[in-house]
Every structure is written in C-alpha cells, then in structure tokens.
Amino acid sequence: MRPPVRSALAALVLLSGALAAPAAAQGVGQGYELERLGRYPQAVDLYRTILRTDSTNLAALLGLERVLPQLGRLEELVPLVNRAVAATGERDPQYLGLELRTYVALSMNDSVASLAHRWTARVPGDETPWREWAIATLDQQDVVGARHILLEGRKAVGNPRAFAIELAEIAGSTGDWAVAAADWADAVTTDQGQIPNAVVQLESAPENAHRTVTDALTRAGQSISARRLGANLLLDWGQGEQGWTVLAGTITDSSRETVMSLWSFAERGGQIGTPAALGARGHALARFADFTTGALAQQARTDAARALLAAGDKEGAHQIVARIGAGEVTPGLIDVLIADGELDEAARRLQGMADHLAADDASRIRLELARAWTARGELARAEQALGTDSSIEAVAVRGWIALYQGDLGRARAGFREAGPYTGDRADATRRTEMLALITDVDSAAGPALGGALLQLARGDSADAVTSLRSAAGQTAAKAPRDGILVLAGRVAAALDTAHRALAIDLFSRVVADSAGAGAAPAAAELEWARLLEREGTPDRAVAHLEHLILTYPASAVVPEARRMLDRLKGAVPRS
Amino acid sequence: MNRRGFVARLGRAAVGARVALLTPLRLLRTPSLEGSLLVPMDDTQGDHLKAYGLTYRAIQAGGKVEWLLNYRGGSFLLPDVDAIRRDAGLAGVTVTPVDEGAVSAARGEIAAGNMDSVQLERAPKVAVYVPPFEAPWDDAVTMALQYAGISFDKIWDPEVLNGGLKAYDWLHLHHEDFTGQYSKFYLLYQGAPWLAEMVHRNTAVARDFGFANVPALKKAVARGIRDYVSGGGFLFAMCTATETIDLALAAHDVDIAASFADGTPVDPEADSKLDWSQAFAFSGGRLEQSPAIASFSDIDGHQVNVPGHRQPLGAFQIFGFSAKVDPVPTMLVQNHRQVIPDFYGLTTSFLRDHLKPADIVLADEQGAPWVKYIHGDLGKGTWTFFGGHDPEDPQHQVGDPPTDLSLHPHSPGYRLILNNVLFPAAKKREIKT
C-alpha cells in the first residue's frame with residue numbers, strides 16, 4: 001500500500017505547487033494594486049503571506065523593498081532577504097542585489113562591504129555587486145560615496161577600466177569634466193561602440209570646459225577610440241578643421257571601424273552644416289572614398305567636393321573633382337562643376353552625356369546652369385542653357401533673365417505665370433516682391449533698373465545702391481520711384497556707416513514726400529525701424545513703428561510692424 | 001463678498017519687481033457726450049487678447065468702461081477719446097465708434113436677452129507669483145499679461161511671508177508646487193542646472209525664514225495666500241498650483257513630501273490625516289506616494305505623467321450662466337467659443353468626485369469624470385482654478401520654448417485667463433451666485 005500512498009502525496013504536492021504559482025502571481029497583482037492605492041500596510045501583509053509559502057518569491061520581496069521604506073520598516077526585510085539568499089545558494093545575483101540594496105538603504109555599511117567582497121570572491125570579475133551598491137548609493141544622493149565604491153570595485157574586480165561609464169556619468173553630473181573625459185576615454189577604449197553615447201554625454205559640458213575635455217581625449221598616447229571621440233567633439237564645438245586633423249591621425253588601417261568612423265564623422269559634419277563642419281565632412285568623405293570602390297566611391301567624392309565647395313574650399317574641391325576622372329561623369333559631378341563656377345566645363349560635360357541622362361536630371365541641370373549663367377550676368381548663355389524647356393521652373397528663370405535685361409514687360413509676364421508654383425516659399429516671395437516693385441515702372445527705366453538689380457543679384461551692393469537711385473531718377477511715376485528708393489535704402493542699410501546714413505536719408509525722403517499714399521512709405525518706415533533697432537536705438541524704432549501703424553493702418557506691412565513692436569516692448573518672447 | 005472694501009484699503013507700495021508694459025493711457029480729451037467705442041469680442045475682433053489690455057488701460061486712465069456680458073462675445077464699451085483710438089490702432093484691436101443711438105439700441109438688446117452690462121471701475125493691481133529664477137517652462141498668465149500689455153508685479157515667497165499680498169487685488173499662481181517637491185521632477189531631472197538652482201533658491205528662503213525645510217516653507221506660503229483670499233483677495237491659479245496649494249493647505253500637520261524634499265518619507269497614513277476643510281476647492285484626494293512619479297494626487301483626472309493612467313485630451317465646454325443673476329461666473333466665461341480643445345498640464349483637470357459641494361463648475365468635458373475650470377468663494381474673496389499649463393501648447397514639455405501669443409491673438413483659452421484679470425475691476429453690487 002505504501003507506494004500508492006507516496007504517489008498520492010507526490011501528486012498532492014505537485015498539485016498544491018501548481019496551484020500555488022498562480023495564487024502567488026495573483027497575490028502579487030493584488031499587492032501592486034494595494035500599493036497604487038497607497039494601502040501599504042495591507043500590501044506588506046500580503047507580500048509576507050506569499051513569502052510564507054515561497055520564501056524566494058522575488059516579486060514579493062521586491063514589493064516589500066518598495067513598500068517597507070514608505071512605512072519606515074525596511075529593517076523587516078533583512079531576515080526575509082537573508083533567508084532567500086541562503087535558499088538560493090548565495091549565487092543568484094537578483095537576490096544578492098536585493099540584499100545589498102537593503103543593506104545600503106539601512107546604512108549597514110559593514111554588511112554591504114562584506115557582501116560585495118564575498119560576492120566578488122565567489123564570482124571573480126563580476127561587477128554586479130559594486131554597480132548595485134553604487135546605484136543604491138546614488139539613489140540616496142551620495143555621489144561622492146558612489147564614486148568611491150566604483151573605484152574600490154575597480155580594484156576588487158582587477159580591471160583598471162571597469163565602471164568607466166558609470167564613473168564618467170557621475171563625473172559629468174557633478175561638472176568634473178576633466179575626470180569625465182578621462183573616464184569616457186577608458187570606456188570607449190574598452191568598447192568603441194560607446195563613442196556615440198560618450199559624445200552625447202560630453203556634449204553637455206559648458207563652453208569653458210571644452211578645451212579641458214578635448215585636450216584630455218586627444219593628447220599623445222591616448223587610444224585611437226579616445227582620439228576619435230575627441231575629434232567628434234571638436235567638430236561639434238565648431239572646430240571642424242582640428243577635428244579632422246585629429247581624426248585623420250587615427251586612420252591607420254582599413255578596418256570596418258576605421259571606415260565607419262570616417263562615415264559617421266562626415267554625417268555629423270553634414271548635420272552641423274557650418275562651413276567648418278562641412279569642410280571636415282568633405283575631407284572625411286574624400287578619405288572614406290579611398291576605402292571604397294565603384295559607384296559608392298564616386299558618390300562619396302562627389303559629396304565631398306560639394307561639401308568642400310560649400311565650405312569655401314575650392315581648391316580642395318578641385319582636387320577631388322580631378323580624381324573623379326573624365327570618363328566618370330555623373331549628374332553629381334556636373335552639379336559640383338556648376339557650384340564651382342566651372343560653367344563651360346559643366347556645359348561641355350552635360351552636352352557629352354545628354355543621351356545618358358534621365359530627363360529629370362537633364363532638366364534640373366540645365367536650370368541650374370541657367371541660374372549660374374544668370375548670376376554671372378551672362379544672360380544670353382543663360383537663355384541658351386534653358387533651350388526649349390517650357391516647364392514652370394524655366395518660365396521663372398526666364399522672368400529673372402528678362403528683368404536683368406531690362407525687359408520689364410516680359411519679366412512681369414514670367415513672374416505672373418510662375419506665381420507660387422515653383423521653387424520654395426522664399427523663391428515665390430522674391431518673385432512677388434519683384435513683381436510689386438516693377439509693376440508700375442515705365443519701360444523706359446527698364447534697362448537701368450534691370451542693370452541695377454543684376455548688380456544686386458551679383459553681390460555688388462554698393463554700386464547697386466547708386467544704380468537703383470539712378471533708375472529711380474528715370475522713373476516718372478511717383479509710387480514705383482519710391483519703391484525703388486526703398487529698395488536702395490534697404491540695401492544701403494546693410495552696408496557701412498556712410499551707407500546707413502544714406503539709407504536713413506532715402507527712407508525719410510520717401511516718408512516725407514509721400515503724404516501717406518502708396519505702399520512705399522510704410523515699407524520705408526518699417527525698414528527705418530529695423531535699421532534703428534540694429535543700431536541699438538529701439539525707442540526710436542518704436543516711434544517709427546507706431547507712426548507706421550497709425551498712419552498706414554491698411555498697409556500690408558502693418559502685421560509685421562505690429563509684431564516687431566510687440567517684440568521690442570517685450571510683449572512676446574524673443575525667438 | 002466685500003471686494004470693493006478690500007480694494008479701497010489698497011496701499012500703493014509696490015512689492016517686488018514692477019513690470020510696466022505700456023504707459024498708462026491719459027485721456028487727453030473729455031469723452032464726447034455722444035460717442036463711445038465698442039470693442040466687439042465676437043469673430044470680428046482683430047485681437048481678442050489685446051482687447052483686454054486696451055480695456056484695462058482705459059480703466060486705469062479713469063474712463064467709464066462697461067463690460068457687455070454675452071453681448072457679441074462679451075464686448076467692452078469704452079469712451080471715444082483719441083488716446084484709446086490710438087492705443088487700439090497700435091494694438092490691432094478692432095473698435096467701432098458708436099453714437100448714443102447705437103448704444104441705446106445695444107442696451108435694449110441686452111435688457112431683452114441673457115446679457116448684462118457691468119461697470120468696470122478700477123484697474124485691479126495684479127501680482128504674479130513667480131520665482132526669481134528661470135524655470136524651463138512657460139507661464140501662460142505672465143505671457144497673457146505681457147501680450148495684452150497689462151502691468152503686473154512679480155512676487156515670491158518672501159513677499160507673501162512679509163505680508164506683501166495686501167497691496168494687490170489679484171494674485172496669479174501657475175506651475176508652482178506648494179508641496180515643496182519641485183514639481184516632483186527631483187529624481188527625473190537630477191543634475192539639471194535649473195533644478196539645482198531651484199533647490200538652492202528655495203532652500204535658502206526656507207533657511208532665511210526659519211523653516212526646517214522647503215515643504216514647511218511652502219505650507220506657510222499657501223496659508224498666507226489663503227489668508228489673502230479670505231481677506232478679500234482674488235486668486236487665479238493654473239496647472240500644478242491648483243492641486244498643490246490645496247494639498248499644502250490640507251496637509252498643515254501632515255508630512256506629504258517625499259524624503260528628497262524634507263529628509264523623511266511621506267507619512268504612510270497621510271491620506272487619512274489631510275484636513276480638507278482648509279482647502280479651497282477639493283476634498284478627499286489621495287496622494288501619489290511614489291517620489292519618482294511626477295503626479296501629486298488623484299485630484300487630477302488626466303495624470304499626464306503616470307504610466308498607464310494618462311488620459312487622452314478631449315475638448316471642454318464652457319457653461320452658460322444667467323448674466324443678470326450670476327454675473328460673476330458669467331464674466332469668467334466670456335468667450336467667442338464655447339468648446340475649446342483641452343491641453344495638458346502637470347495638473348490638467350479636476351475629478352468631479354473631489355470637488356467641494358460649493359464649487360461652481362465653469363467648464364467641463366461632457367461625459368468625462370473631470371472638470372476643467374472652477375470657481376468659488378472663500379471668506380471675503382474668491383478663487384478660480386483652471387487646469388492645464390498652456391492653452392495654445394497642449395503638450396508643453398520641460399524645455400519647450402514659450403508660446404508666442406502674437407500667433408494666437410484669438411486664443412479662447414487665453415481669453416479665460418484674461419477674463420479673470422478684469423473681473424476684479426467690476427463694480428460691486430448685490431450678486432447672487
């Protein structure tokens with residue numbers, strides 16, 4: 001009979017065990033709910049009940065860890081967690097961690113230290129106890145203590161670079177940036193995958209600590225990963241050229257990590273977008289291209305040349321373009337040539353590969369070429385580049401060409417037809433402004449005005465001011481004449497002191513002579529106010545804005561004037 | 001309600017930093033006997049928010065000003081003088097000159113409908129409770145006052161504790177944590193310079209005034225504000241200030257602050273020890289005990305920072321009151337919109353279950369267990385609570401730039417704020433609320 005009895009008992013035990021698990025899970029769920037309701041004593045009772053049947057129930061132990069401190073009774077957890085640790089053979093890091101945190105919270109420092117050392121002795125090299133101890137100490141706002149523990153742990157586990165990330169974050173949070181940089185250098189030396197994380201953490205260093213950080217990372221003898229980290233930070237902090245120099249010094253092999261360091265550095269430079277960062281991007285991409293082949297290499301070199309051009313490094317761009325080679329013409333290469341001002345060469349290469357280009361690419365490049373010829377003042381070649389293109393983009397470009405040629409009628413027609421349908425919002429606004437300016441200008445003044453506007457488009461602002469005034473003198477009707485004078489004043493206002501005085505003279509003449517008629521006086525007064533604000537006399541600017549708003553209440557510039565007035569009076573935040 | 005009595009006692013001494021936004025108007029010309037300026041507040045208005053500033057300055061200048069409740073969106077009637085016309089022109093506020101005949105016709109319409117006319121006789125002196133350091137979030141009321149061009153003083157704990165509130169008709173509170181737990185951002189934003197500054201400044205004031213810790217200081221400040229209202233002041237609070245000032249008042253003898261704020265854990269029996277008789281608006285709230293969760297209690301219906309409990313935003317509807325019978329709530333709800341998109345705050349809304357029976361609900365979300373905008377009396381004064389942080393930035397995050405109100409000149413949510421500024425200007429009369 002005995003075997004059947006044993007079987008029955010075994011079955012009973014299994015059954016009760018099977019029932020106990022969901023019951024415990026259900027109990028823990030009830031405990032959570034009691035916690036949420038703030039019924040802590042009841043939650044404690046429930047967790048204790050669970051532990052009576054299962055002394056190692058981790059969820060219940062963790063529940064007590066949350067709740068008992070709220071009741072000021074955390075010491076009750078000690079025997080419970082001691083029992084669970086013993087029952088799991090002092091090996092399970094979850095129970096050991098809980099025991100350690102409990103000791104820390106109860107300031108049982110001797111017990112904590114003893115446990116951490118026993119843990120390390122039992123599992124050599126395991127960083128967990130020291131990390132848990134440090135985190136628990138940090139939870140109690142003891143930053144210095146946490147740092148001390150991690151340094152002690154570093155010795156205990158026998159790894160001089162252990163806990164580098166934690167130590168670096170602690171140092172950063174306390175503003176000790178030299179130490180943070182040194183610790184991050186250790187961290188990325190151990191695991192170069194940490195470089196992006198390190199960059200994010202160190203980026204928040206204040207400006208006066210930048211030099212300390214980058215010096216620590218890029219000094220002689222520092223690891224390649226640390227120097228790459230330093231290169232990225234230099235790039236972030238506006239020193240693209242130095243960043244590239246540091247990075248270039250780390251390119252000593254062709255490993256995947258090395259190639260990717262170039263790529264990510266170039267990407268970062270593109271995101272920053274300043275000339276210095278774009279220059280660094282260009283160099284990094286050019287070097288990246290050396291490690292790749294085929295289309296990827298050509299694309300990288302094309303992008304590198306674009307970046308260098310954008311950074312103002314024409315010579316560097318030339319060198320890269322030369323490496324792309326005559327037989328490797330791509331749309332990107334022609335873009336680079338156009339951006340570099342090599343318009344004849346660009347036109348020649350375009351001609352040579354016309355049959356191989358997609359229609360969209362060909363059309364886009366022709367428009368770019370036409371714009372470039374226009375900007376250079378070679379209007380006939382610009383027309384020629386457009387060919388028979390009847391797209392709306394080409395219509396807009398032809399409008400500008402006609403304007404600069406002095407054919408105001410054709411310019412008006414082109415701008416009207418293009419409307420807002422091509423280019424971005426700024427393009428559309430420029431066309432609208434120009435249309436407003438030339439709408440009532442008589443054709444006799446067209447060549448003078450066109451020539452002046454071309455000078456302006458080509459960046460010859462000082463001469464453009466003179467030419468615009470001259471064109472105004474040739475304009476018979478008062479309203480368009482005032483409009484041209486306002487434009488001349490606006491250009492002059494952005495130049496030197498003498499021109500600013502001239503601008504004020506022009507604005508005051510327009511305001512005084514107009515007797516409130518037309519759009520020009522309001523525009524003149526707004527520009528006048530802007531100039532006065534730039535010159536540091538906001539009170540005078542306010543007076544002009546108020547005069548503008550009250551005198552020309554129906555003017556289109558009143559909302560803009562009112563907004564500026566609000567800003568100057570502090571009614572809206574400065575953005 | 002003895003509000004006028006309070007106003008008459010006002011001293012002139014300025015407390016804190018005076019923020020003069022616009023030179024007060026001077027009515028250079030005697031108002032024309034025939035003419036007035038109607039400031040319509042319906043959809044024809046060019047800038048609803050600045051219209052309040054125009055009206056405020058007209059009252060300040062001593063002009064006869066009327067608030068035409070429920071008439072064309074809650075319009076104003078101002079004297080037709082050059083200074084006001086000029087001010088309106090500069091501000092972009094739409095004004096319509098009306099002769100005596102038109103005014104009479106309007107009065108006839110007002111007499112016949114659910115409308116009324118309230119005379120605004122004295123520009124209330126406004127204080128905004130603002131800490132003297134920069135927090136990484138905006139303050140809707142400060143922005144509304146600045147945009148409208150209504151002058152105000154900035155005050156903080158020292159001014160309240162030194163009795164400085166007596167100098168003001170109107171006090172505004174916004175994203176303030178009167179439980180002294182730094183909006184419970186202490187653990188989340190540990191190491192952030194702004195938080196370090198906040199802790200440092202608050203701790204210094206607590207020490208200077210002899211309080212053991214910041215929660216104790218804030219309880220005393222809350223009591224000072226309660227005394228101010230009880231004595232006849234007008235309190236307007238938004239966002240966290242609504243909930244936490246009531247918690248601070250109810251917790252006068254209970255520790256409700258986490259250990260990071262005062263060195264000791266929250267009293268585990270705190271919920272049962274709270275004395276809600278001291279609170280303005282709420283009763284029966286239960287505290288959020290976790291120091292890591294940026295929520296204070298279950299008074300807030302939306303619980304924006306509580307994982308798993310956050311409620312989605314809907315729209316709230318403004319109640320319509322009888323203008324002739326209930327002019328106070330009618331003033332507080334003047335608007336050109338009746339349904340307004342909701343917006344989050346650390347305290348977004350107020351659960352109906354936790355309102356006191358005497359609270360007047362001014363706006364709620366239909367079908368939801370919470371309300372948005374409430375009002376009530378305390379002693380000789382009144383309080384108004386408006387949930388949420390920024391009516392035009394429904395999800396305002398820590399670190400977000402301030403809202404530019406010139407992009408929202410018709411904001412119905414901001415109008416509710418500005419109604420509160422003008423409401424203390426109303427001439428006292430027997431009011432049944």
Side-chain angles (χ1 to χ4, degrees), chain A residues 32-44 66-74 105 138-141 143 169-176 180 201 204 206 542-543 545-554 558-575, chain B residues 19-23 46-47 49-50 53 85-92 138 142-150 186-187 190-193 196 258-260 263-272 286-293 297-298 306 308-309 401-409:
Chain A
Y32 285 144
E33 186 58 19
L34 288 168
E35 280 187 61
R36 197 184 69 75
L37 295 172
R39 296 169 61 186
Y40 297 131
Q42 291 86 343
V44 168
R66 287 191 301 272
V67 175
L68 286 172
Q70 309 289 342
L71 301 172
R73 291 162 46 192
L74 184 61
L138 270 181
D139 283 346
Q140 299 193 332
Q141 322 301 324
V143 176
E169 287 180 345
I170 287 174
S173 73
T174 56
D176 194 347
Q201 297 292 332
S204 55
V542 165
L545 292 169
E546 291 188 346
H547 181 260
L548 184 169
I549 293 167
L550 295 170
T551 312
Y552 318 106
V558 162
E560 209 171 336
R562 204 169 264 139
R563 186 171 166 73
M564 186 176 168
L565 187 63
D566 280 343
R567 188 168 48 74
L568 290 175
K569 288 185 170 181
V572 294
R574 286 181 179 272
S575 56
Chain B
V19 183
L21 295 160
L22 281 175
T23 311
D47 194 320
L49 306 187
K50 285 194 171 177
R85 283 192 180 220
R86 181 179 188 278
D87 193 2
L90 288 174
D138 64 17
T142 303
M143 291 190 302
L145 294 172
Q146 284 172 333
Y147 182 70
I150 295 173
Y186 193 86
L187 300 178
Q190 199 171 24
S259 57
F260 65 74
T264 58
V266 175
D267 182 337
E269 304 299 324
D271 284 345
S272 61
R286 287 190 302 250
L287 296 169
E288 168 55 62
Q289 299 269 358
S290 169
I293 295 178
S297 74
D298 63 354
V306 186
H309 292 267
T403 297
D404 183 344
L405 285 184
S406 68
L407 305 176
H408 307 278

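Bear in mind the structure is a predicted one, so any value in this text is a computation, not a measurement. Chain letters run A, B, ... following the sequence lines, proteins first and then strands; every chain starts at 1.
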Leading residue by heavy atom contact count with chain A [cutoff under 4.5 Å; candidates P401(B), A270(B), P265(B), G89(B)]
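Looking at each of P401(B), A270(B), P265(B), G89(B) in turn, G89(B) comes out on top.
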Checked R85(B), R86(B), R286(B) vs chain A; the most non-hydrogen pairs under 4.5 Å come from R86(B)
Among R562(A), R567(A), R563(A), the one residue meeting side-chain hydrogen bond (donor to acceptor under 3.5 Å, both in side chains) with S406(B):
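Answer to the side-chain hydrogen bond (donor to acceptor under 3.5 Å, both in side chains) test with S406(B) among R562(A), R567(A), R563(A): R563(A).
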Mind checking what makes side-chain contact (heavy atoms from CB on, under 4.5 Å) contact with A88(B), not counting sequence neighbours?
L54(B), V93(B), V95(B)
Considering all heavy atoms of both residues, which atom of [X] and which atom of [Y] are nearest to each other, and what is their separation?
X       : Y       : value
L37(A)  : D271(B) : O-OD2, 4.5 Å
P41(A)  : E269(B) : CG-OE2, 4.1 Å
L405(B) : V572(A) : N-CG1, 4.4 Å

Identify, with sequence neighbours excluded, every residue that meets side chain to side chain donor-acceptor pair (under 3.5 Å) alongside E35(A).
Y47(A), R66(A)
Side chain, backbone, both or neither: which part of T403(B) has a non-hydrogen atom closer than 4.5 Å to chain A?
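Backbone of T403(B) only, per the 4.5 Å heavy-atom cut-off to chain A.
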Greatest number of heavy atom pairs closer than 4.5 Å to chain B - which of I549(A), L71(A), L545(A)
I549(A)
